[in-house]
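Right, one structure below, let's go through it.
Throughout, protein chains are lettered first and strands after them, A, B, ... in sequence-line order, and every chain is numbered starting at 1.
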There are 2 protein chains.
Amino acid sequence: MPAPAAHRATTEPGLGAPAYVVLGMISIGARTGYEVKQMVEQSTRFFWTISQAQIYPSLRHLEQAGLITGREDPQGRRPRRVFEITAAGHAELAAWLSREDPMPFELRDTGMLKLFFADTLDHDEALALLHAVRRRSEDRVGLLRALEPVARAVEEQGYHHPLLTLELGIAVHQAMVDVCAAFERRQAAGPRT
Amino acid sequence: MPAPAAHRATTEPGLGAPAYVVLGMISIGARTGYEVKQMVEQSTRFFWTISQAQIYPSLRHLEQAGLITGREDPQGRRPRRVFEITAAGHAELAAWLSREDPMPFELRDTGMLKLFFADTLDHDEALALLHAVRRRSEDRVGLLRALEPVARAVEEQGYHHPLLTLELGIAVHQAMVDVCAAFERRQAAGPRT
DNA sequence: TTCGTCATGTAAGAAGTTACATGATTTC
DNA sequence: GAAATCATGTAACTTCTTACATGACGAA
């Protein structure tokens, strides 16, 4: 066991959230970096993205920390590393999930940003923008609803929370649709003041 | 006028969204970099943050582009630059607001991320996490509701859209509260399956 | 005279993305 | 035999934040 490096204290306080995404995906069955990326694209992408370039370094880091174990498992002549979560990995994931820390909610929405400044536009242009923002959320609701069957199938397997996060996404965008629609009616009705 | 640089074509297609935040804030009355930052903290912060370090370089850039004009206006011996939007600036802002481009909606939510993996937890721990996420959105709803009087006052001044974006934020978090509460009831009732 | 606010500025670094590079295997 | 998918890797870059630095002014 290596001697503890006292000066490293500040870099130690747990992994970053991206590493927990990778750890979590391995814990629910992703075996390769490629599969981690695929699962992210199908699920957490709507509230947490990571790029492929982050995944492979992250896997190495998690393995060095003893939270996952990898072994070579080439398919024919194509190289491949398959990973499994370790007991320490499960413990670390559970600790993170149960830890009562801030859980930042970060939103960066160009649509809302544009709407905020829409009073500088003509009435018609502002209405068009509002309509575009509503449509965007409607499209997103449609996209997410299309994923519901998959999430329900996953639920049958005993994983209930992916469906919950999907419903959260749907509800969030539906709420935006509703507020936009109400405001559109008001604006279309009374262009004055 | 400088000779056009052909190789710069890729860096030219409009300002980034952060620059439009600054331009927009100037257009609705912010006069100094300091005031831009303050207004962002009171309003767009919930769907678009920028740090102070971005603002001053951005102001210089907008001025060079002729979208705002600045003049020295020291208060006593304290240096200060006050800015105003130009006709070109108004045109550029309006063009951006009306431009039909993608309007990315980016969400990065640690709460939803944790929930996604909550099936790896015990029933009680998962419930506690769910409860924590609900509380977080309830707090956010409370915080945003406290801003409503300000937004209503602003509306009296003829700026209707800041209130709209505030209502959007409230609705989004209220939707999350509702979905969490419904799921909590289901989970608390039937711990089985 | 001390604290909070007004006001500007930047250097250093963290974090994350894009884009490229490589090549095997499977499917059409 | 072409195209899509599987699979890994990384260099370069952009973007943004943190933290520091400076100092005047106003109120207590």
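- In this structure, B/R152 does not pair ionically with B/E156, as no charged nitrogen and carboxylate oxygen lie closer than 4.0 Å.
- The side chain of A/Y56 contributes no N or O atom lying less than 4.0 Å from OP1 or OP2 of D/dG9.
- Remark: the B/Q52 side chain and the D/dT17 base include no donor-acceptor N/O pair separated by less than 3.5 Å.
- If you check C/dA24, C/dT18, C/dA7 against the side chain of A/S51, the one that comes closest is C/dT18.
- Spacing between atom CD1 of B/I55 and atom C1' of D/dT15 amounts to 15 Å, rounded to whole angstrom units.
- Here the nucleotide nearest the side chain of B/R77, chosen from D/dA19, D/dA7, D/dA24, is D/dA24.
- Among the atoms of the strands shown, only primed sugar atoms or phosphate atoms (P, OP1, OP2) are found under 4.0 Å from some heavy atom of B/P18.
- Checking A/A53 against B/Q75, the closest nucleotide of DNA chain C that is more toward the 5' end is the one next to B/Q75.
- Out of D/dC25, C/dT18, D/dA7, the shortest distance to the side chain of A/R78 is found at D/dA7.
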Candidate pair A/Y34 and A/Q52, rule side-chain hydrogen bond (donor to acceptor under 3.5 Å, both in side chains), full reasoning: CA-CA 8 Å; A/Y34 188 82; A/Q52 191 249 68; over 6 Å; no
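- Listed nucleotides C/dT8, D/dT5, D/dG9 differ in distance to A/Y34; the shortest reach to its side chain belongs to D/dT5.
- Each of D/dT8, C/dT17, D/dT17 was ranked by its minimum atom distance to the side chain of A/T49; first place goes to C/dT17.
- Salt-bridge check for A/E167 with A/R145: failed, with every basic side-chain N at 4.0 Å or more from each acidic carboxylate O.
- B/R78 and B/D73 are not joined by a salt bridge, as no carboxylate oxygen comes within less than 4.0 angstrom of a charged side-chain nitrogen.
- Atom-to-atom, CZ of B/R80 to C1' of D/dG23 comes out at 16 Å; the value is rounded to the nearest Å.
- The residue B/R60 sits close only to the backbone: its heavy atoms come under 4.0 Å of sugar-phosphate atoms, none of a base.
- Here C/dG16 presents its P atom at 13 Å from CZ of A/R108, a figure rounded to the nearest Å.
- Per the geometry, CD belonging to A/E72 stands 13 Å off P belonging to D/dA7, to the nearest Å.
- Protein atom CG of A/L59 is 8 Å distant from nucleotide atom P of D/dT8, rounded to whole Å.
- Distance, A/Q42 CD to D/dT5 P: 13 Å, rounded to whole Å.
- Within the 4.5 Å cutoff, side-chain heavy atoms of A/F46 are placed close to those of A/L147.
- Side chain of A/Q38, nearest nucleotide from D/dT18, C/dT17, D/dC6: D/dC6.
- Sequence order on DNA chain C of the closest nucleotides to B/T32 and A/G76 puts B/T32 first from the 5' end.
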If you apply the rule ring-ring contact (aromatic ring centres under 6.0 Å, His included), what do you find for B/H160 with A/F183, and how did you get there? CA-CA 10 Å; B/H160 302 176; A/F183 201 83; 7.3 Å; no
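- Nucleotide D/dT17 holds its P atom 9 Å from the CD1 atom of B/I50, rounded to whole Å.
- Side-chain N/O atoms of A/Q54 and base N/O atoms of C/dT17 include no donor-acceptor pair closer than 3.5 Å.
- Put simply, CD on B/E41 is 15 Å from C1' on C/dC6, counting in whole angstrom units.
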